[in-house]
Number of protein chains: 2
Amino acid sequence: MRVVLAEDQGMVRGALSVLLGIEPDIEVVASASDGEEAFRAVGKHRPDVLVTDIEMPRLTGLELAVKVRELYPETRVLMLTTFARPGYLRRALEAGAHGYLLKDRPSTELADAVRRISRGQRVVDSDLAAEAWGAEADPLSDREREILRRAGEGESTAEVARGLRLSEGTVRNYLSEAISKMGAHNRIEAARLARTKGWL
Amino acid sequence: MRVVLAEDQGMVRGALSVLLGIEPDIEVVASASDGEEAFRAVGKHRPDVLVTDIEMPRLTGLELAVKVRELYPETRVLMLTTFARPGYLRRALEAGAHGYLLKDRPSTELADAVRRISRGQRVVDSDLAAEAWGAEADPLSDREREILRRAGEGESTAEVARGLRLSEGTVRNYLSEAISKMGAHNRIEAARLARTKGWL
DNA sequence: GTGTCATCATGACAAGTGTCATACTTGCTG
DNA sequence: CAGCAAGTATGACACTTGTCATGATGACAC
């Protein structure tokens with residue numbers, strides 16, 4: 001079974017590679033430290049499974065999953081991430097991931113998950129799946145999300161407006177809408193809430 | 001060489017354990033998922049080296065290092081962490097750590113770092129050390145730090161004032177001072193900057 | 001093709017935020 | 001003891017942010 005591994009932290013990448021490599025039926029044919037590199041590696045090696053982190057430089061795991069599904073649908077994707085956020089799980093599955101495994105889980109589950117996925121089964125953390133089922137859907141529009149994200153990083157209304165070529169008034173309108181949708185009292189709280197739900 | 005490993009994410013803990021275990025001269029005698037458990041494991045096994053994460057439940061790596069230095073000074077401590085924050089490095093060394101290694105580094109460096117530390121050498125990421133050396137000390141007073149922390153979580157001026165029994169004007173004064181010290185343009189940016197430096 | 005929704009805009013007002021000058025108290029420290 | 005830093009407070013001002021009403025446009029779905 002041939003695997004490509006994408007994970008930005010060198011130490012973790014190396015360790016996971018060894019962990020998978022000791023399984024007799026699994027071979028790690030390439031590992032990548034960012035999404036772009038991972039995409040090229042998938043194109044070159046056409047692996048059975050891509051194991052990828054979500055938060056990576058240049059191309060996130062979610063964006064990577066979309067591109068892989070489009071160009072190399074025979075490669076199945078396993079998201080391996082720190083974040084137990086229902087919104088992430090939902091987006092991962094929408095992006096075409098076949099599995100979603102938390103880094104919290106025992107390391108013994110990884111090889112097993114890879115095997116199940118390569119057989120065409122879905123692998124989803126059961127606690128998280130239950131939570132995601134009851135969880136509200138992301139109410140934010142793309143624009144609202146992008147603007148809230150920038151504001152949450154400390155950009156002022158004027159900076160966001162310049163960055164997106166919008167008028168300041170428009171930016172304030174979107175933020176007002178986002179704050180109200182999140183049930184928050186200001187942009188900071190709204191961004192923080194959205195982050196914990198996995199919507200940013 | 002006997003090692004205890006403390007790391008809260010199961011997947012990473014298992015993988016690092018395998019990574020270290022394949023070295024012929026290194027034996028992982030115990031691994032722990034939180035600080036308390038790690039402390040008990042050190043007491044029981046008296047390892048040459050404790051490899052520990054910083055951000056862990058119940059007892060952080062920094063607190064753990066202090067306790068280990070007091071009770072089991074023959075065990076040397078290697079901090080293994082995600083965060084390249086000068087403030088963290090400084091605090092880790094003050095807490096008695098003998099090394100500070102980033103999870104960003106290649107996995108090949110881990111075994112090497114463990115060996116050097118067990119020989120009594122210090123291991124500090126050189127980029128980070130340089131940065132920490134040139135880095136300013138935290139300019140924030142306790143009050144400023146506390147107020148900036150709360151504001152950064154989304155509390156409004158009024159909420160912070162209520163929470164700390166201060167007048168709103170005073171809170172605004174502290175925030176103004178903190179923003180200016182951080183060279184930021186607003187409270188959000190100031191909090192974000194302070195966080196990346198390890199001051200919050 | 002008629003609604004519905006996302007996007008973008010303006011203007012006006014209210015509320016919140018950031019800055020500055022000024023001043024009093026308290027606890028160190030030389 | 002004098003000086004200094006930290007903490008606290010007020011008032012005033014400018015600027016930013018949040019809210020609301022209103023309207024134009026284009027895309028998509030039924």
Check your understanding: Quick one: bend of the helix from dG1(C)-dC30(D) to dG30(C)-dC1(D) from 5 pairs per end, to 10°?
Key -> 40°

Pair up each side-chain donor or acceptor in residues 48-59 of chain A with any protein partner under 3.5 Å, not counting sequence neighbours, and list the distances.
| residue | atom | partner | partner atom | Å |
| --- | --- | --- | --- | --- |
| D48(A) | OD2 | R2(A) | N | 2.7 |
| E55(A) | OE2 | Y88(A) | OH | 2.7 |
| R58(A) | NE | D34(A) | OD2 | 3.4 |

Check your understanding: Using a cut-off of 4.0 Å between protein heavy atoms and nucleotide atoms, how would you tag nucleotides 5-24 of chain D 5' to 3' with B, S and -?
Key -> --BBBB-B----BBBB----

Practice item. Check the side chains of T157(B) and R187(B) for a donor-acceptor pair under 3.5 angstrom, ignoring hydrogens and angles. Key: yes

N/O donor-acceptor pairs under 3.5 Å from side chains in residues 172-180 of chain B, not counting sequence neighbours:
none

Exercise for review: Could you tell me which residues satisfy side-chain contact (heavy atoms from CB on, under 4.5 Å) with R76(B), sequence neighbours excluded, listed by chain and number?
Suggested key: H98(B), I117(B)

Check your understanding: By the rule that ILVMFWY residues connect when side-chain heavy atoms come within less than 4.5 angstrom, directly or transitively, which residues belong alongside I188(B)?
Key -> I188(A)

Review point. Is there a side-chain contact between V3(A) and P47(A), using heavy atoms and a 4.5 Å cut-off?
Key: no

Exercise for review: Go through the steps to decide whether M1(A) and E27(A) satisfy the test side-chain contact (heavy atoms from CB on, under 4.5 Å), and finish with yes or no.
Suggested key: CA-CA 6 Å; M1(A) 210 168 323; E27(A) 183 192 0; over 6 Å; no

